[in-house]
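Numbered from 1 within each chain, the chains take letters A, B, ... in sequence-line order.
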2 protein chains.
Amino acid sequence: MEKVANATIDACVTYTEDKTGRIRNFEKVAQGSGKHEGIYYDDSDVYKAIEAIAYSLKNYPDKELEANTDVWIDKIAAAQQPDGYLNTYYTLNGLQDRWKDMERHEDYCAGHLIEAGIAYYNTTGKDKLLKVATKFADHIDNYFRVPNKPWVSGHEGIELALMKLYHHTNEKRYLQLADWFVEQRGRGHGVGKIWDEWKDPDYAQDAIPVRDQRKITGHAVRAMYLYTGVADIASETKDAGYVKTMDAIWDDVVNKHYYITGGIGAQGSNEGFGKPYDLPNESAYCETCASVGMVFWNQRMNMLSAQAKYIDVLERTLYNAAIDGISLSGNRFFYGNPLASDGNYERSEWFGTACCPSNIARLVSSLGSYIYSRSATDLYVNLFVGSETTVDLNNNEVFVKQTGNYPWNGQVSIEVNPKKAKEFAVFVRIPGWLKEPVPSTLYHYKNNKTNNYTVTVNGKPVNAAVEDGYLKIDRKWKKGDKIDMLMNMEVQRIVSSDELKQNQNRIALQYGPLVYAVEDVDNPNAKNGLFIPENTQFQVSFKPDLFGGANVIQFKAPIVAIDQASNQVLQQEKEITAIPYFLWNNRGKSAMQVWIPEKLTSVRID
Amino acid sequence: MEKVANATIDACVTYTEDKTGRIRNFEKVAQGSGKHEGIYYDDSDVYKAIEAIAYSLKNYPDKELEANTDVWIDKIAAAQQPDGYLNTYYTLNGLQDRWKDMERHEDYCAGHLIEAGIAYYNTTGKDKLLKVATKFADHIDNYFRVPNKPWVSGHEGIELALMKLYHHTNEKRYLQLADWFVEQRGRGHGVGKIWDEWKDPDYAQDAIPVRDQRKITGHAVRAMYLYTGVADIASETKDAGYVKTMDAIWDDVVNKHYYITGGIGAQGSNEGFGKPYDLPNESAYCETCASVGMVFWNQRMNMLSAQAKYIDVLERTLYNAAIDGISLSGNRFFYGNPLASDGNYERSEWFGTACCPSNIARLVSSLGSYIYSRSATDLYVNLFVGSETTVDLNNNEVFVKQTGNYPWNGQVSIEVNPKKAKEFAVFVRIPGWLKEPVPSTLYHYKNNKTNNYTVTVNGKPVNAAVEDGYLKIDRKWKKGDKIDMLMNMEVQRIVSSDELKQNQNRIALQYGPLVYAVEDVDNPNAKNGLFIPENTQFQVSFKPDLFGGANVIQFKAPIVAIDQASNQVLQQEKEITAIPYFLWNNRGKSAMQVWIPEKLTSVRID
């Protein structure tokens, strides 16, 4: 979070303001003339950057950054049309063409504007951007929903944004508009418009109505944003049809399309989902934005159901595939996050389509909002992150403080300090990874090895049951109460089910919630020549000087490689170091792999 | 040729008559009722089988086979409609639908009928099938060309057949009809009919008019058949536009799309050509029928130009990629002919789409027609095949006899016995492989090593020049004259140009015109572990008991493999045996490769 505040947001600001014309586009609209720079969806990056700034300012106040953002917001406000419409691309290229091409992201940009407006208001109390966003939302509502003019969003996102606006304003129209957008899909409105011989409606989840959908398809970010919005709507409306859709699609994702890193969207060709069980490692797309979306969706699914399995998935994606998208330095980004590399892949400073940098920035800087959830009376502990917060439970302020060093070790303390002593439940998530790697049939711990855990309250064992993945500690809580949790972390060998052809005779290493990778920078020739026999002994040690402090897994294992001196192929026992997957490519280009052969079954020269 | 006569034709007859309904379809049409069996283009396989039988009967007379073929022909004739139309699929399914779907091969089947009719007449003197074919050709001419009704053949082939009919009958209408078919292409007639969102006009060389085409595209067999017909037409009409097209496309094929085996059509997805220089080995499609078509086309290009380079290509394709399509036993067939295999690929007894067996059968049994060509006065020796023939040169009968054991060695004797002593030229092809592997920039002999040759007439050195690849021996030829040719064969290491990414650090072995392959059945673990260092010494020896007699290349080279005893990767010097590529997979399934690493540059375990 600190790196995002210090480096990532800097990069976003520089690229938004200086190195690209994203802010200049707004200035040109206000001046009434000029040529649009960039791509038609570039406004969204400005909004996403503001959203990331808003979250970050909460933890790292920065007057200068805030003042600069206020200037941006003035420029954005000055670019809004009298009727509420706001899009620099269409305004500079001729407003007569607006709202004609469903694929051109006008509503998508509106969604990000709404999210930014709310976030900035929540941190700063300033409502200028929110007012702009609300006026645009009203424009859209009057333009589309009120006259029921057919429109399929070519890139979803506005639905979840409208749900945020609904929760913020309590204005039911926004809920209705969000639902209207969802219900537009699968009715054929896009055929011959967005969809032609080159593009299938499946690409944007528009082949059949959402409530009939049972399989994940198409572009991964679009899908995640859509289903996040749908889950939001279902939470509110209790729409059983939507819940059925969500449950089926979630099962489809985690049981057929889910990487061990929590990444999704295996294919680059459609930036999305491929055939079931087709999860190549080196060509895995696993877009950073898709992981961000997967975190959003699973948070909503958890809020909808109070089931911890969604947080298991969220945690895996967050700590592995998602934060892999950003460098330790905070200013280099992966668009895709493969599980193996021949050493030619590295993070970039920026992208033409720059969705990922600000997306990972807004996710990381809003990490605080993923730690807890609550019902009217009870508290849910979802993530184990050192933090302090105050929660209002049934008109009783409860101060909660977590300490520990998770995920580097499994010791976590949670102070529960209610203002008034009172009976309520604290649901502590018992991470799924203690028993099995994921709530999915795709991956298993070798030999069914599990990790133990203990939970005490004020030093005494807890007599409580696990419900839906949470240990329900229901008692009269009083000041100074403390939950201590000890999760025993062991190095786990993960094996894949038979359907995952690419991973047969291969294992992945995991420690706690983190998936590990072997990088050639530590282990020459490991990418092509390493195998890890079954009896290998692993040692975990925390290296304070490595990556600012990280656990590494070390072990002795054979590497098959060409010996330069003798020009012979040799197999030699080497000392191997595996690092957390998300930390790879922080020491220059290097070959890397997550899934490593277990037995020496075949050898091939080139 | 003997195996084709004894085994292949047997297989074709059994499958045509018994195991599939191909002959029964004709019976049903004659009876006026019944359900069509098989696929809409299955009639063509019957015609192609008859064509193969016709060629084979010339060298291997067989009364029983001929009588059986006469019965087939009676059945075919009985199935012809009064207006000349003949197609069992459309006749059994309802004639109202005929000539509506350009993709349904009605004209393609007609082409094969014409070829069969001419071939059967030429061997037997029986004209029943030829009359049927001619009547169908007349129907097509009257139905399409005369009223100029637009029609793009969805699968070319009729053009070259009509040119054969033109040459046979001297009836100009057939030349005009062939040209009319060619000129139909690239005019948009197939758009929305054959071509839709899934299929591009390039697939059947229909994107632009033939005379504007400069690049090879699409389905390889379609392309070869088309350009064979176009070359035939150009030979007759001297159409400079067509010649320009042919030259450009031929250059494109051999310099960008040509395998060292002479195979073409790298991709299975379109059964055809892919991107320039994209020539994968293990997934190489190289359909047997495409090689047959490549032989056809290059023969026509040679006849059009009298340049030997076309025979160089023809010979390479014939002796490698084409005859690889048939087993030594004569009754097993490859549809595709890859240059590497992991050992799971083998020849089949038959195919649902059974184009290849009868196609390779007709090619092999007509081998005699590829040995010589001639002008009005002169003789061209193209292939070196033991044979006897009599050629009429300017009203002088010349008996020509070749003896030798080519391609197993390079010693060839050609007796030239004119009835009357007379001055004329014998053009003896000096095979291109003596100097460079192919007339192409794709492949080269390592270190520019070449093979020497000598030619004598009646034991005396010849003072003659090489013109367009032929040694022109212009003299007064008399009875008993004899040309002796000695081509020095050395094992050649072939390297690929930089553009062929798949072949970098790899060599192929060649001896004479034959490309060699290493099969794991001779050399365990060779497919994945063999490399052939630069200083390797090769020995060639003729093994009379192997494959009925064949040269093998033997050498010592290192193989990297897993040693079962120690469960270690070891590199060991082994005695390696390479066999002619076309003979692989005649001893059961086995891994195989043509392009073999030269240096130990990388190793990979799985």
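Using a 4.5 Å cut-off between heavy atoms, B/N567 contacts chain A through both its backbone and its side chain.
Using non-hydrogen atoms only and a strict 4.5 Å limit, the part of residues 524-532 of chain B facing chain A consists of B/K527, B/N528, B/G529, B/L530, B/F531. Residue-level contacts of residues 596-604 of chain B with chain A, in order of numbering, are B/P597, B/K599, B/L600, B/T601, B/S602, B/V603, B/R604; threshold 4.5 Å between heavy atoms.
B/K556 NZ: 12 or fewer foreign heavy atoms inside a 6.0 Å radius. Counting non-hydrogen atoms of neighbouring residues, nucleotides and ligands closer than 6.0 angstrom, the CD atom of A/E575 exceeds 12 such neighbours. More than 12 heavy-atom neighbours from other residues, nucleotides or ligands sit within 6.0 angstrom of CD on B/E573. Enclosure of atom CD in B/Q539 is not indicated, since only 12 or fewer non-hydrogen atoms of other residues, nucleotides or ligands lie within 6.0 angstrom.
Scored by the ring pair (Phe, Tyr, Trp, His ring centres under 6.0 Å) test, B/Y277 finds no partners at all (sequence neighbours excluded). Looking at residues two or more places apart in sequence or on another chain, you find no ring pair (Phe, Tyr, Trp, His ring centres under 6.0 Å) involving B/Y445.
Looking at A/L570, A/I605, A/V569 one by one, the single match for side-chain contact (heavy atoms from CB on, under 4.5 Å) with B/Q571 turns out to be A/V569.
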